[in-house]
Amino acid sequence: MPPEAAPAPSAHLIQGDRVTLPVRIRDAAVASAMFPVPAAAAQAVIAYSGLEVARPLAGRAVCSLAFVRYTDGDLGPYHEFAVTFLVRGTDRVGAFVHWLPVNQAFTLEAGRTIWGFPKEMADIRMDLATRTKRCLVRVDGRTAIEMHVRPGLPVPSGRGAPSVDAYTCMNGVTRRTPWTVAPSGVRMRLGGGASLRLGDHPVAHELRALGLEHARALSAATVDRLRMTFQEAVEIRP
């Protein structure tokens, strides 16, 4: 008997263009920081997902903030800001994506349609050319967040592409997306290295209630070049 044909790659039609999975990002630059926040408060923020925050520190969860400049990828060039929380996944810790503003319509529709990423349109201005990386996010004319990240010491690049589970919840449906990352040009600073200014947008009030405006970062990092692959999302029952 002839061998069975391999299944056709999954594809989605976005604004008239065919997007085939897995989606590949070939070049992006990132600045990020991780902050300790009260676990009970963080759990209340993500309660709608049915997931449980991880508690690597006694009584504390971890909130990660990151801004990303996508230069070359299947969804085109765009800017993005991410608010995520470490959560207990099926068999390992994952990242729950709570808020994900972007500045381009194509990636907004693709993110919401394919993976259930909570993308919304925003004015995202960033400067990654100077030593201190800066990003300002405004939504409907209201400031959400301004973030500065100071690079630390160089970190050797690891081998292979680590796999991470990204979790989302949209319209009551929780999904898990396998996600691989391959960073190069990484610099990291332990204890500090990031500063925030929160505005009057509802997300700013939410982050302020977590104590983030004056929190000291657990770590801050910058990545000169990040390659990523996003697989098909899978619905889960938390």
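In this text, all values refer to a predicted model and were calculated from it rather than measured experimentally. Just so you know, residue 1 is the first one in the sequence shown, and it goes up from there.
- Atom CG in Leu198 sits 5.0 Å away from atom CZ in Arg208 (nearest 0.5 Å).
- When the side chains of ILVMFWY residues are joined at heavy-atom separations under 4.5 Å, either directly or via intervening members, Phe96 and Leu86 end up in two distinct hydrophobic clusters.
- Proximity of Arg55 to Arg60: side-chain heavy atoms (C-beta onward) are nowhere separated by under 4.5 Å.
- A distance below 6.0 Å separates the ring centres of His201 and Trp99.
- Inter-residue side-chain proximity for Phe67 and Val149 is flagged as met; some heavy-atom pair is nearer than 4.5 Å.
- Looking at Val37, Leu218, Val62 one by one, the single match for side-chain contact (heavy atoms from CB on, under 4.5 Å) with Leu57 turns out to be Leu218.
- Annotation for Arg125: atom CZ does not count as buried by contact number, only 12 or fewer foreign heavy atoms lying within 6.0 Å.
- A salt bridge does not link Arg227 to Asp27: none of the charged side-chain nitrogens sits closer than 4.0 Å to a carboxylate oxygen.
- Contact check for Arg142 versus Pro202: side-chain heavy atoms found under the 4.5 Å cut-off.
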Can you check side chain to side chain contact (heavy atoms under 4.5 Å, CB included) on Val68 and His79, steps first, answer last?
CA-CA 6 Å; Val68 189; His79 291 173; over 6 Å; no
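- By the criterion of side-chain heavy atoms lying less than 4.5 angstrom apart, applied directly or through intervening Ile, Leu, Val, Met, Phe, Trp or Tyr residues, Val93 is not grouped with Val97; the two fall into different hydrophobic clusters.
- A continuous path of Ile, Leu, Val, Met, Phe, Trp and Tyr side chains, each step under 4.5 Å between heavy atoms, connects Trp115 with Met121, placing both in one hydrophobic cluster.
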Stepwise side chain to side chain contact (heavy atoms under 4.5 Å, CB included) test for Leu51 and Ile236
CA-CA 10 Å; Leu51 298 170; Ile236 64 171; 4.2 Å; yes
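- To the nearest 0.5 Å, the span separating OG on Ser49 from CE on Met170 amounts to 13.0 Å.
- Atom CG of Asp200 has more than 12 heavy atoms from other residues, nucleotides or ligands within 6.0 Å.
- Of the inter-residue distances, the one linking Cys169 atom SG with Ile46 atom CD1 reads 10.0 Å to the nearest 0.5 angstrom.
- Two residues are said to be in side-chain contact when any heavy atoms from C-beta on lie closer than 4.5 Å; Arg131 and Pro151 meet this criterion.
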Would you check, one step at a time, whether the test side chain to side chain contact (heavy atoms under 4.5 Å, CB included) holds for Thr168 with Thr174?
CA-CA 6 Å; Thr168 60; Thr174 300; over 6 Å; no
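- Counting heavy-atom neighbours within 6.0 Å of Leu153 CG, excluding the residue itself, gives a total of 12 or less.
- The hydrophobic cluster containing Val102 also contains Val23, counting ILVMFWY residues as joined when their side-chain heavy atoms lie under 4.5 angstrom apart, directly or transitively.
- Between the CZ atom in Arg112 and the CD1 atom in Ile14 there is a gap of 12.0 Å [rounded to 0.5 Å].
- Taking the side chain as every heavy atom from C-beta outward, His12 and Glu232 approach each other to under 4.5 Å.
- In this structure, CG on Asp17 lies 11.5 Å from CG on Asp74, to the nearest 0.5 angstrom.
- Side-chain contact, Thr229 with Arg26: no donor N or O sits under 3.5 Å from an acceptor N or O.
- Electrostatic pairing of Asp123 and Arg138 does not count as a salt bridge here, judged by no charged N lying under 4.0 Å from a carboxylate O.
- Phe85 is listed as a side-chain neighbour of His98, based on a closest heavy-atom distance under 4.5 Å.
- Atom OG of Ser219 sits about 5.0 Å away from atom CE of Met188, to the nearest 0.5 Å.
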Evaluate the criterion side chain to side chain contact (heavy atoms under 4.5 Å, CB included) for residue pair Leu75 and Tyr70; output intermediate values, then yes/no.
CA-CA 9 Å; Leu75 304 182; Tyr70 292 84; over 6 Å; no
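- The shortest side-chain heavy-atom distance between Leu196 and Phe35 falls under the 4.5 Å cut-off.
- Between Phe81 and Leu65 the shortest side-chain heavy-atom distance falls below 4.5 Å.
- Closest of all the heavy-atom pairs between Arg216 and Gly191 is NH2-O, 2.9 Å.
- In this structure a side-chain-to-backbone donor-acceptor pair under 3.5 Å is present from Lys133 to Leu128.
- Met34 and Leu207 fall into different hydrophobic clusters, defined by Ile, Leu, Val, Met, Phe, Trp and Tyr side-chain heavy atoms under 4.5 Å apart, directly or through other members.
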